[in-house]
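Structure first, commentary second.
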Amino acid sequence: MPRPAAVAKTRLLREHNLTVKRWLHSRDEGEFTGLTSVTREEKSLRRMENADRDELARLRKENAALKHKVAQSGAVQEILGRAYELLEGITTSATTDDEPEIPPALLSATEYANWLERNKLC
């Protein structure tokens, strides 16, 4: 079954009493210099209405802004993760025993008694 575009071209040629050979000759002679071929993109832009063009431009601008925000959010998340690790390390080192570990043999009698009670050895 022929395509609709081919049927339309054939009908156009018949309506104007043209053959392909005659049309090619006319084209080569420069009769059709005023006609330009239009790309698919140009056709779609011509069909697009002003409101659609405005919305497309707005959406492209919004898309670029959102991509920028996503990139910033990723950087902020990475910085916060590193800060959390740093603070966790500081907190962990700060929560260890505040008293320096002194061997029990060097403690005074009262300190030794307190040490035994703290470690539940008495």
Applying side chain to side chain donor-acceptor pair (under 3.5 Å), run through R60 and N63 and close with a yes or a no. CA-CA 5 Å; R60 284 182 175 162; N63 189 19; over 6 Å; no
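- A distance of 10.0 Å separates CD in E62 from CD in E55, rounded to the nearest 0.5 Å.
- Rounded to the nearest 0.5 angstrom, L80 CG and R82 CZ are separated by 11.5 Å.
- With a 4.5 Å cut-off on side-chain heavy atoms, N50 and R53 count as touching.
- Listed for the E111 side chain is a donor-acceptor partner under 3.5 Å among the backbone atoms of S108.
- More than 12 heavy atoms of other residues, nucleotides or ligands lie within 6.0 Å of CD in Q72, so this atom counts as buried by the packing criterion.
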